[in-house]
Engineer: 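Dropping the structure in here first, questions after.
Whatever order the structure lists them in is the order used to number ligands and atoms, beginning at 1. Both backbone and side-chain heavy atoms feed into the values below; hydrogens, waters and symmetry mates do not.
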Amino acid sequence: MPKNPFSERIVFAVDLGGTHLRVALVDDTGRILEQHKQDTPQGDSAEDIIDALAQAAERWRCDKRPVVAVSIMVPGAVDCGKAAVVQAPNLPSLVNYPLKDELQRKLGWPVYLENDANAAAVGEMWVGAARGCRDVVSVTLGTGVGGGVILNGKLWRGSHGSAGEIGHTTVDPFSGLKCKCGNTGCLELFASATAIVRMTRESLAAFPETILKCDALTAEQVYDAGRKGDALALAVFKRFGMYLGIGLANLINLIDPQIIVISGGVVNGWNLFADEMYRQIEERAFHAISQQVKIAKAECGDNAGLLGAARLALQD
Ligand SMILES: [Zn+2]
């Protein structure tokens with residue numbers, strides 16, 4: 001008998017972002033068999049998004065692959081039990097929309113929903129940097145700062161579904177900087193791509209020799225300047241590393257994880273911020289513990305969330 005080329009169980013995994021919609025077929029060993037990316041339908045109709053998902057699924061349905069579920073990750077707060085989006089500033093049409101019923105009706109598969117940072121943590125534990133670990137914290141440094149916590153092998157969602165909001169833990173209450181969450185001095189205000197740009201602008205006047213200009217500044221440009229030795233860029237990344245280190249030291253003392261996995265575009269700047277990050281951890285976290293906690297760059301890249309979403313559906 002020839003061996004079945006397809007795995008037994010496949011998940012239709014969806015990364016539903018405010019800008020892009022990515023779909024993938026993920027098998028039960030963590031392989032991505034197919035993937036496709038398109039723009040997320042904009043506007044105030046959730047049906048457009050549902051239709052786009054149905055069309056994407058239809059493309060692969062004719063392959064007769066054994067799809068067992070659709071598992072979606074979104075940038076927002078979700079009610080996993082009801083598979084409903086509770087809060088998602090970039091996907092307003094989906095908030096309180098009966099996503100589960102509509103998708104189940106259209107696709108005929110069980111529907112799972114997860115927050116994107118949580119899904120990424122699970123993906124890294126399944127086939128990425130945290131393989132084989134049971135206590136994992138994942139930190140995503142992007143436009144904002146996201147986080148996911150896995151305790152004893154299980155995603156920790158909290159009592160109200162909002163655990164892991166590492167970006168909104170306070171690292172500098174006296175900074176006077178207000179976060180969009182309402183708090184002052186959140187980690188996200190110092191350790192995100194947005195923060196790199198803001199901190200650079202704030203210090204331009206103090207570094208007249210800098211090659212950076214105020215116009216259309218991006219975190220990428222600050223990183224490039226830092227690699228060339230620009231003093232302003234280096235100071236900004238050092239400050240970034242300082243606050244990130246404070247945040248991670250708090251996490252280490254609170255959770256005592258085996259590993260902290262760091263992902264997101266800003267990880268490119270690792271060599272520019274890591275020394276200061278480690279220095280802060282060394283200074284602030286319990287020494288005997290922090291010596292044993294591994295801090296690693298993520299390995300799954302953009303696919304961590306898709307893989308994690310698939311894993312969560314397969315585990316259920
Ligand atoms: Zn905040």
Engineer: Please evaluate residues D230 and T210 with respect to the criterion side chain to side chain donor-acceptor pair (under 3.5 Å), reporting the C-alpha separation (whole Å), side-chain torsions for both, the decisive distance (0.1 Å), and the verdict.
Structural biologist: CA-CA 6 Å; D230 185 87; T210 181; 2.9 Å; yes

Engineer: Using a 4.5 Å cut-off between side-chain heavy atoms of Ile, Leu, Val, Met, Phe, Trp and Tyr, which other residues end up in the same hydrophobic cluster as L155?
Structural biologist: V122, M125, V136, I150, I259, V261, L312

Engineer: If you measure from the Lys or Arg side-chain nitrogens to the Asp or Glu carboxylate oxygens, is any gap between E114 and R311 under 4.0 Å?
Structural biologist: no

Engineer: Quick one: name the protein N/O/S atoms under 2.8 Å from the Zn ion (ligand 1), chain by chain.
Structural biologist: H168 ND1, C179 SG, C181 SG, C186 SG

Engineer: Suppose the criterion is ring-ring contact (aromatic ring centres under 6.0 Å, His included): which pairs have a residue in residues 176-232, not counting sequence neighbours?
Structural biologist: F190-Y243

Engineer: What pairs of donor and acceptor atoms, side-chain ones from residues 288-296 against any protein atom, are under 3.5 angstrom apart with sequence neighbours left out?
Structural biologist:
unit_1	atom_1	unit_2	atom_2	d
S290	OG	F286	O	3.3
S290	OG	H287	O	3.3
Q291	NE2	E282	OE1	3.3
Q292	NE2	A288	O	2.9

Engineer: Test salt bridge (charged side-chain N to carboxylate O under 4.0 Å, His left out) on R59 and E34; report intermediate values, then the result.
Structural biologist: CA-CA 11 Å; R59 230 192 325 265; E34 309 266 0; over 6 Å; no

